[in-house]
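Have a look at the structure below, then the notes.
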Protein chains: 2
Amino acid sequence: MVTRPRRDDALSRERIVDAATALLDAEGEGGLTFRALAAHLNTGPGAIYWHVANKGELLTAATDAVLNRTVPAAAAGATPPDAIRAVALGVFDAIEAHPWVGTQLTHMPSQPALRRLFERLGQQVRALGVPAAAQFTSASALLNYVLGVGAQNAANARAHQPGADRGEILGAEAAAWAGLDPGEYPFLRSVAGQLREHDDRQQYLDGVNLILVGITACAGGHT
Amino acid sequence: MVTRPRRDDALSRERIVDAATALLDAEGEGGLTFRALAAHLNTGPGAIYWHVANKGELLTAATDAVLNRTVPAAAAGATPPDAIRAVALGVFDAIEAHPWVGTQLTHMPSQPALRRLFERLGQQVRALGVPAAAQFTSASALLNYVLGVGAQNAANARAHQPGADRGEILGAEAAAWAGLDPGEYPFLRSVAGQLREHDDRQQYLDGVNLILVGITACAGGHT
DNA sequence: ACCTGAACACCGTTCAAGT
DNA sequence: ACCTGAACACCGTTCAAGT
């Protein structure tokens, strides 16, 4: 395999993936088009197919690159619960910065980013002292929770303008909950106030902690 | 509002939603097209727009109908944990029978089906004796886990033929895990065998139970 | 009020032809 | 080896025209 010198404006898989990421960030999930991408790179749409098999592969590669940058490797001295929280928050922040990652992550099974995520969570679950038979279930519970929140955040971002006011959106949804039929929706009504004032990131972390408690309680492990 | 007698083959929102559901079940998520749907109903694509605003509304309505049929109301004498498990399994089974429901449920925020789900889980969380301040987080954790698994199952169904052999797919993925670099993927390698033999539904339920343990432990509640 | 179907403005992807 | 861009086979959606 010989890498020959190239013109600076030559196409490459890396440049394509970067441009796709920029397009997705700027325009949202609907903004990534082979035509728009080609225009961005000063070529025709067909040129991209020389470097990338199809749109799915492009999305997978872009997701992979973002998560590799954002999800931290396990810190040296971190306890397993801290490491798990760090991974979970890394995914959360990646999706907050690039909502399309949340969609992509829940769309293609057995993609590399998903495997790495499961691996990292699993390693820490093991380090937590969870018995072998319960490790798979415990790591799966964490992963599925992380993915569920991620998909939801992605959907929320898709539903509103990129620059939309966060508090306004929450307020509107909270108002909708408060206005529901009391006979049918007593719970939603009762937590409408909490929805309005809640901190997304903190609540996400609370959920992770709750699952961690469940894991260690079930396993008889010691935090 | 007067309902006038119609010809039996007249279009109606209900007939359209039913046909869309049938099409999605038979052909998968890519099978729902306004042209295909119109052909199925012996009309032109434009006719559908008289009864339904757009494709999103159609998908939301179909999802809503399926979940209303499949997710059971709380049984009279059921304990809160049993009721939560019943709701969770209802969603699981709905998505197993109609994988597109899993995609749809994680795609549009604040759709009615999602609200009802959160309400049902929340009511049982409250019945569990969880203090008011922790109810929102606890119900969210359950919902996000359920949605995460649902989205993943939908993605798996999308990736394979409708008639594909379940064991064969699991076996292939397990083999892939077993063949990964031992230095980088020790956890995935170690659980590859569990993946091959695991029962999806049982593991899902184990995850729900794990979160329930976390909820009651955090709340100091009594099951 | 409800239906028809041609037409519009897009897509992802392919492929002969170029360099 | 790599790029070009017209062309193909689709989409969702609209809308004048019909009944």
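Just the heavy atoms: all of them, side chains too, but no hydrogens, waters or symmetry mates, feed the values below. In this text, all values refer to a predicted model and were calculated from it rather than measured experimentally. Lettering follows sequence order; numbering is per chain, from 1.
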* B:R15 CZ to C:dC3 C1', straight-line distance once rounded to whole Å -> 13 Å

* Asked: Quick check: are there more than 12 heavy atoms from other residues, nucleotides or ligands sitting under 6.0 Å from CD of B:Q161?
  -> no

* Structure fact -> Taken to the nearest whole Å, CH2/B:W50 to P/D:dA16 is 14 Å

* Thinking salt bridges, do B:R201 and B:D93 make one under a 4.0 Å N-O criterion? -> yes

* Output yes when A:E173 and B:R115 qualify as a salt bridge under the 4.0 Å nitrogen-oxygen rule, no when they do not. => yes

* Asked: Taking it one step at a time, do B:L143 and A:Q152 satisfy side-chain contact (heavy atoms from CB on, under 4.5 Å)?
  -> CA-CA 10 Å; B:L143 181 65; A:Q152 222 57 30; over 6 Å; no

* To do: Send over the distance from A:L37 CG to C:dC11 P, rounded to a whole Å.
  => 12 Å

* Taking 4.0 angstrom as the limit, do A:R116 and A:D64 come out as a salt bridge? -> yes

* Side-chain N,O (B:H51) to OP1/OP2 (C:dA1) below 4.0 Å -> no

Nucleotides 12-15 of chain C: which of its N/O atoms have a protein N/O under 3.5 Å away?
unit_1: C:dG12; atom_1: OP1; unit_2: A:L32; atom_2: O; d: 3.4
unit_1: C:dG12; atom_1: OP1; unit_2: A:K55; atom_2: NZ; d: 2.7
unit_1: C:dG12; atom_1: OP2; unit_2: A:F34; atom_2: N; d: 3.1
unit_1: C:dG12; atom_1: N7; unit_2: A:R35; atom_2: NH2; d: 2.6
unit_1: C:dG12; atom_1: O6; unit_2: A:R35; atom_2: NH2; d: 2.8
unit_1: C:dT13; atom_1: OP2; unit_2: A:Y49; atom_2: OH; d: 2.9
unit_1: C:dT13; atom_1: OP2; unit_2: A:K55; atom_2: N; d: 3.0
unit_1: C:dT13; atom_1: O5'; unit_2: A:Y49; atom_2: OH; d: 3.1

* **Heavy-atom side-chain contact between B:N144 and A:Y204 under 4.5 Å** => no

* **Output field: ring centroids A:W177/A:F187 closer than 6.0 Å** => no

* Given atom CD of B:E27 and atom P of D:dC10, what is their separation to the nearest angstrom? -> 14 Å

* Rounded to the Å, how far apart are B:I48 CD1 and D:dC11 C1'? -> 14 Å

* Asked: If pairs are Watson-Crick or G-U with both distances under 3.5 Å, what is the dot-bracket string of DNA chain C, marking crossing pairs with [ ] and pairs to another strand with |?
  -> ||.|||||...|||||.||

* Asked: Can we say B:E57 and B:R13 salt-bridge, meaning some charged N sits less than 4.0 Å from an Asp/Glu carboxylate O?
  -> yes

